[in-house]
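Below: one structure, written as structure tokens.
The chains referred to below are lettered A, B, ... by the order of the sequence lines, with proteins before strands, and numbering in each begins at 1.
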There are 2 protein chains.
Amino acid sequence: MPPHRTRRRIPDATVARLPIYLQILAEQSAGGVDNISSEGLADLAGVNAAKVRKDLSYLGSYGTRGVGYDVDHLVYQIRRELGLDHDWPVVIVGAGNLGQALAGYGGFNDRGFPVAGIVDIDPGKFDSVVAGARVRPLEELAQIVAAKGISIGVIATPPTAAQDAADRLVKAGVTSILNFAPIVLSVPVGIVVRKVDLAVELQILSYHEQRRSVADQNGQLHAVPAERGRGATA
Amino acid sequence: MPPHRTRRRIPDATVARLPIYLQILAEQSAGGVDNISSEGLADLAGVNAAKVRKDLSYLGSYGTRGVGYDVDHLVYQIRRELGLDHDWPVVIVGAGNLGQALAGYGGFNDRGFPVAGIVDIDPGKFDSVVAGARVRPLEELAQIVAAKGISIGVIATPPTAAQDAADRLVKAGVTSILNFAPIVLSVPVGIVVRKVDLAVELQILSYHEQRRSVADQNGQLHAVPAERGRGATA
DNA sequence: GGACGCATGTGCACGATTTCACAAAGCAGG
DNA sequence: CCTGCTTTGTGAAATCGTGCACATGCGTCC
Ligand SMILES: NC(=O)c1ccc[n+]([C@@H]2O[C@H](COP(=O)([O-])OP(=O)(O)OC[C@H]3O[C@@H](n4cnc5c(N)ncnc54)[C@H](O)[C@@H]3O)[C@@H](O)[C@H]2O)c1
Ligand SMILES: NC(=O)c1ccc[n+]([C@@H]2O[C@H](COP(=O)([O-])OP(=O)(O)OC[C@H]3O[C@@H](n4cnc5c(N)ncnc54)[C@H](O)[C@@H]3O)[C@@H](O)[C@H]2O)c1
């Protein structure tokens with residue numbers, strides 16, 4: 001058998017938490033902290049310490065028993081595992097309110113996801129400059145993706161155009177999509193899609209508020225339902 | 001014992017999917033479809049049909065065996081369960097790029113979450129009108145929350161100010177928070193927080209891209225890793 | 001009025017994730 | 001070097017979520 005398998009497969013739930021740990025660790029590092037225990041990190045992340053240890057164990061054994069983890073080394077390892085040791089240029093489809101806000105947002109560049117292109121279907125938007133990037137016609141999408149070696153696309157079109165945008169992105173060679181339009185996209189297997197949907201988030205909050213009021217009416221004063229509290233002072 | 005308990009507790013995973021079903025069902029209803037099977041809905045939502053049935057069964061038995069579900073009735077029931085039978089006014093803290101974009105976004109109002117107020121700490125922003133709402137001083141937050149009966153707050157401040165914003169929201173009486181700042185908030189138990197973090201989403205995509213390239217190098221051409229495909233043509 | 005076909009609702013097995021609990025391991029102090 | 005204290009790394013148990021499989025109930029057609 002081969003020396004060591006491709007690499008451990010990391011559970012989805014863990015992958016979703018690694019960026020949180022990374023953000024906290026980077027802050028700690030900037031603040032001069034050079035060592036942290038699983039419990040310390042857990043408090044700052046608002047999770048259980050055992051979970052932190054198990055999550056980190058998927059990266060390898062980088063802690064020191066009786067001491068904790070070296071913050072900088074952990075930052076390095078998490079970044080490596082997440083593929084953040086180099087930039088991932090992204091292309092934005094749709095240069096409306098949201099598309100422009102995203103393009104102008106420093107958080108993209110700062111975190112290693114430079115906006116390498118932004119396209120729109122409206123000729124009225126062409127060549128307007130949004131935060132350093134010129135808006136290009138939708139037709140140039142494939143060319144931009146190929147020229148810049150882009151594998152991540154962001155959809156910021158109206159819902160009705162989002163499936164078309166996804167199809168074009170996939171055809172152009174993009175393999176990961178971040179979708180801001182409130183519709184379910186259909187894509188070939190192998191393409192990873194993540195959705196950010198404001199309405200969904202608000203409706204989930206609404207559900208909890210609604211439950212709260214129902215519970216109050218029934219005199220269940222502090223029945224401690226399934227709410228989640230966060231620990232630690234960030 | 002009482003006639004029937006408060007109401008079934010719905011699993012988090014299900015609550016997170018109900019808004020998706022709702023959106024699809026509303027579309028179908030608008031399109032003249034008046035009946036749908038669990039399989040039809042499952043295809044449109046990109047999930048398993050059994051999951052749809054189990055999810056819907058938490059609302060009660062509203063399907064007809066051999067036939068399917070009445071679309072409008074399902075819309076009604078889901079809306080009721082999510083607490084969408086009345087508006088939930090929200091207050092936005094931070095009137096910067098994001099705060100203004102959100103306030104101006106029709107999606108809030110349309111979906112039953114009217115922006116009842118927006119506050120900022122910067123006097124330069126006071127009284128500027130953002131989509132019908134006047135930006136008010138941060139100090140008026142408590143008053144606005146009380147006057148409008150607000151229970152949901154949105155944080156759109158820089159990360160450094162987000163914890164302070166959360167503290168003020170909680171003190172003002174808000175019990176649900178949607179946080180756009182990339183930090184983990186610390187709040188009392190009972191307060192529900194949801195976070196929307198662009199960097200986290202992109203880093204998760206980055207992880208999958210990174211794995212993809214590692215797999216390619218090892219000649220694992222189509223080893224079908226843990227990717228998720230979506231079904232149906234939306 | 002009865003037989004047939006279809007789609008729901010759900011028991012059950014399975015898989016994933018979380019949490020517990022503790023042995024193993026590093027460090028400090030004597 | 002040995003003892004004691006601390007914190008990791010990880011089996012194993014508990015919990016949660018998913019999907020299969022099928023009995024049940026409803027509508028339709030003869
Ligand atoms: N604005 C917000 O704060 C906000 C918040 C959450 C979600 N969203 C969602 O984000 C999406 C965009 O919102 P917005 O406010 O920017 O809308 P918008 O109308 O301002 O912008 C949409 C842009 O997409 C372009 N477009 C239309 N069809 C296209 C196509 N086929 N290919 C490429 N470009 C196309 C339009 O020309 C326009 O420039 C919507 O789906 C909306 O629901 C917006
Ligand atoms: N702009 C985007 O596209 C985008 C995308 C994702 C996430 N975010 C996040 O959203 C947040 C806001 O981003 P932005 O681009 O709007 O920033 P911004 O600087 O444009 O706006 C921040 C606003 O908050 C106000 N503010 C500062 N301290 C405050 C306080 N204590 N109380 C109330 N208001 C206060 C400021 O006066 C300013 O108006 C940031 O945390 C950012 O990381 C932004």
Those residues at least two apart in sequence (or on a different chain) that pass side-chain contact (heavy atoms from CB on, under 4.5 Å) with B:I150 are B:P89, B:V91, B:A116, B:I144, B:V145, B:K148, B:V174

Rounded distance (Å) that lies between atom [atom2] of [N] and atom [atom1] of [X]:
X     : N      : atom1 : atom2 : answer
A:D70 : D:dT8  : CG    : P     : 13 Å
A:L41 : D:dG9  : CG    : C1'   : 15 Å
B:D43 : D:dG19 : CG    : C1'   : 15 Å
A:I36 : D:dT7  : CD1   : C1'   : 13 Å
A:E39 : C:dT19 : CD    : C1'   : 15 Å

message = Do the side chains of B:D55 and B:K51 get close enough for a salt bridge, i.e. N-O under 4.0 angstrom?
response = no

Discussion item. Under 4.0 Å between a side-chain nitrogen and a carboxylate oxygen: does that hold for A:R168 and A:D164?
Written reply: yes

Exactly one of B:V47, B:I36, B:T14 clears side chain to side chain contact (heavy atoms under 4.5 Å, CB included) with B:Y21, and that residue is B:V47

- Establish, with yes or no, whether the OP1 or OP2 oxygen of C:dA7 is under 4.0 angstrom from a side-chain nitrogen or oxygen of B:Y62. no

Quick tally for nucleotides 21-30 of chain D: nucleotides whose base has a protein heavy atom under 4.0 Å get B, sugar-phosphate-only ones S, the rest -, giving B--BBBS---

Expected string for nucleotides 11-18 of chain C under the B/S/- scheme (protein heavy atoms, under 4.0 Å, primed atoms plus P, OP1, OP2 as sugar-phosphate) is BB----SS

When rounded to the nearest 0.5 Å, the distance separating CD of B:Q210 from NE2 of B:H208 is 10.5 Å

In this structure, OG1 of A:T64 is separated from CG of A:D70 (nearest 0.5 Å) by 8.0 Å

Smallest heavy-atom separation, A:S176 atom then B:R212 atom, equals OG-NH2, 4.2 Å

Residues A:P159 and A:A181: closest non-hydrogen pair is CA-CB, 4.0 Å

